[in-house]
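Naming: A, B, ... by sequence-line order, numbering from 1 per chain. Owing to the predicted nature of the structure, the values given are computational and were not obtained by experimental measurement.
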Amino acid sequence: MTLEEIKGRLETHIPGCQVSIVINGSPSAQHSLLIDRQHAPEIARFLRQDSELQLDFCSNVTAVDWPDHEKTEKIKTKKIVDGVEKEVEETRKTITPGYLEAVYHLFSVCKKEGPLIVRIHTPNRAEDVTLPSLTPVWRSAEFQEREAFDLFGIVFEGHPDLRRILMWEGFTDHPMRKDYVPPPEDDLESLAVR
Amino acid sequence: MRQVLSSEAEQDGLVEISMGPQHPSTHGVFRMDVRLDGERVVRLKPVFGYLHRNHEKIAEAASYLAAIPYTDRLDYLCSMTNNWGYALAVEKLAGLNVPERAEYIRVIVAELTRLQNHAGMVGFLLQDMGASGTPLMYAFREREKVLDLFESLSGARMMCNYMRFGGVRVDCSAEWLTQTAMLVEGFKGFLGEFEQLLTENEILMARTQGVGVLPRELAINAGVTGPGLRASGINYDLRKVDAYGVYRRFDFRVPLGEHGDVYDRYMMRVLEMRESVKILEQALRDIPSGPFIDPKAKLRGLRPKAGEAYARIESPKGELGFYLISDGSPNPYRYRVRPPSLINLTVLEDMCLGQSIADVVVILGSIDIVMGEVDR
């Protein structure tokens, strides 16, 4: 089944869900589906149970951090200054707000097909970082969602046991985020005796 | 082992024990918080992170080429397959081709890796059951020969750093291939001897049959891969399913278990070693001459086009996947390892519930984990 067909199938079976195709520009040509977080558990259950798809094996679960993206553009406009027309250069800044992204790689063991790549976005990367957990659908996401919570700070709602997994309890930051700054005592080079 | 006082458990007459992190049967620094009713396990929570070094962050700060030596240190018994998984992901991301001879060399070193990993795993499993010494030393005698071959090929015994994008780092000589063929021939004798010692051993059967049963549906749903999945009777081997590299050309079978217990998981390793020997014989017979690396493949300063790729291989532990996102810069924007050792541990508690504490050690040994990969 092609991605367009899967998209159409999802839209007919789950009313109100928003699905879009994300094109991958690399030679691997592994395109993916972006789904909305409200319908994510329903979509996941459908993908697993649908007789045409039977995506019973969720292999890889991970997160990606996309910080705020700032773009500066120089725009030339004509203005009339002191009665003379002049070309004035203006710089404009546009900020695309950042978000956190969870990525699921789904396969079918009985049909020996895959991967279907599913992505879910959080609205931003500061206040609203919750996503629905897909562990109730695929147990294999249990430790991997815990890892995404630990290292990226995505809060998975409905996860049976959401605790830090690799960092220690009491650690407060999320080290895989792009803007993470390690504490000064971690810089062993500067601490080394010279 | 350390007894932990927890008022909640004490009220129910239960004992809480912290197994590890320095317990000899935990295969590295790994801890299990176990709650016991007498000798029966009623709860088991694995605790990770003692070996965590944020491998992914290190690789995201390094160039594509510089990440290869770090992958050696994931599952430090199987550096060759780790290299292969990563090289395959980069090849998909950048659209590189691999010459024939390099594909064959990759198959040969990967199957040698599987032989030494499975032999070592069986040795450790028996060691955990109290058969101290003999099976492990037999296995390590063979592993030593494989490591000698790796050393003469790549210069290193364990941290091989051997594969490159579009091929391998150095070519193998005709003499090396002859030595490998001799090892494979000798390995058959070792397997016969090993099986005679173990397969129908009464103590092994009593300790493993019916212990730690993993049902089929749970195995798939919990993402168990590798010999552990096939022991539960599911025919899913990536060498057949994806047929990456040149695996399509070899004639081999995928052994399947019936009961999904520890004994089946032991048998999977032994039978897979026999199939690996078959693959090795065919690969050594058919290896073509030619270039060992694509001369057009760029190693230093590789900048793949923006995009992403997920590649997976059948490592001795299970499905080893690499997920890369490129933004067109010389280092990956996102680098992710799908560690089979960690994900196979998802079902550890399910397999241990109701078993005795002595069986926990055996069940853990049958999963075959390496902490370098679990904690990354």
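For chain A, no part of B:Leu96 is nearby; none of its heavy atoms comes within less than 4.5 Å. At a 4.5 Å heavy-atom cutoff, the contact between B:Phe48 and chain A is made by backbone and side-chain atoms alike. Heavy atoms closer than 4.5 Å to chain A are found nowhere in B:Ala311, neither backbone nor side chain. Residue A:Ile23: no heavy atom, backbone or side chain, is found under 4.5 Å from chain B. Heavy-atom distances place the backbone of B:Val374, and not its side chain, under 4.5 Å from chain A. With a threshold of 4.5 angstrom between heavy atoms, A:Arg48 approaches chain B through side-chain atoms but not through N, CA, C or O. Only the side chain of A:Val103 comes within less than 4.5 Å of a heavy atom in chain B; its backbone stays farther off. Heavy-atom distances place the backbone of A:Asp65, and not its side chain, under 4.5 Å from chain B. The contact between A:Glu147 and chain B is made entirely by side chain atoms (from C-beta outward), counting heavy-atom distances below 4.5 Å.
Against chain B, the residues from residues 24-46 of chain A that qualify, each with a non-hydrogen atom under 4.5 angstrom away, are A:Asn24, A:Gly25, A:Ser26, A:Pro27, A:Ser28, A:Gln30 in number order.
By the 30° and 60° cut-offs, the orientation of the rings of B:Tyr86 relative to B:Phe165 is perpendicular. The aromatic rings of B:Tyr70 and B:His55 stand perpendicular to each other, their planes meeting at an angle above 60°, with 30° marking the opposite boundary.
A donor-acceptor pair shorter than 3.5 Å can be found between the side chains of B:Glu373 and B:Ser341.
Identified under the salt bridge (Lys or Arg N to Asp or Glu O under 4.0 Å) test for residues 339-353 of chain B, with sequence neighbours left out: A:Arg139-B:Asp350, B:Lys45-B:Glu349. Sorted by first then second residue, the side chain to side chain donor-acceptor pair (under 3.5 Å) pairs that include residues 227-237 of chain B, not counting sequence neighbours, are B:Arg230-B:Glu272, B:Arg230-B:Glu314, B:Tyr236-B:Arg312, B:Asp237-B:Arg239. The salt bridge (Lys or Arg N to Asp or Glu O under 4.0 Å) contacts involving residues 97-112 of chain A comprise A:Glu101-A:Arg119, where partners must be two or more places apart or lie in separate chains.
The existence of a salt bridge linking B:Asp294 and B:Arg164 is excluded, since no basic side-chain nitrogen approaches an acidic carboxylate oxygen closer than 4.0 Å. In this structure, B:Asp33 does not pair ionically with B:Arg35, as no charged nitrogen and carboxylate oxygen lie closer than 4.0 Å. A salt bridge does not link A:Glu5 with A:Arg9: none of the charged nitrogens is closer than 4.0 Å to a carboxylate oxygen. In this structure, A:Arg163 does not pair ionically with A:Glu169, as no charged nitrogen and carboxylate oxygen lie closer than 4.0 Å.
Scanning both residues, A:Glu145 and A:Leu162, for their nearest heavy atoms gives O-CD1, 4.4 Å.
Cation-pi geometry between B:Lys240 and B:Phe252 is satisfied (NZ or CZ under 6.0 Å from the ring centre, within 45° of the ring normal).
With chain A as the partner, the residue from B:Pro340, B:Ala306, B:Pro304 showing the most heavy-atom pairs under 4.5 Å is B:Ala306. Put simply, of B:Lys57, B:Glu308, B:Glu60, the one with the most heavy-atom pairs under 4.5 Å next to chain A is B:Glu308. Ranked by heavy-atom pairs under 4.5 Å with chain A, the first of B:Glu217, B:Glu91, B:Lys305, B:Arg338 is B:Arg338. Ranked by heavy-atom pairs under 4.5 Å with chain A, the first of B:Gly321, B:Pro339, B:Gly223 is B:Gly223.
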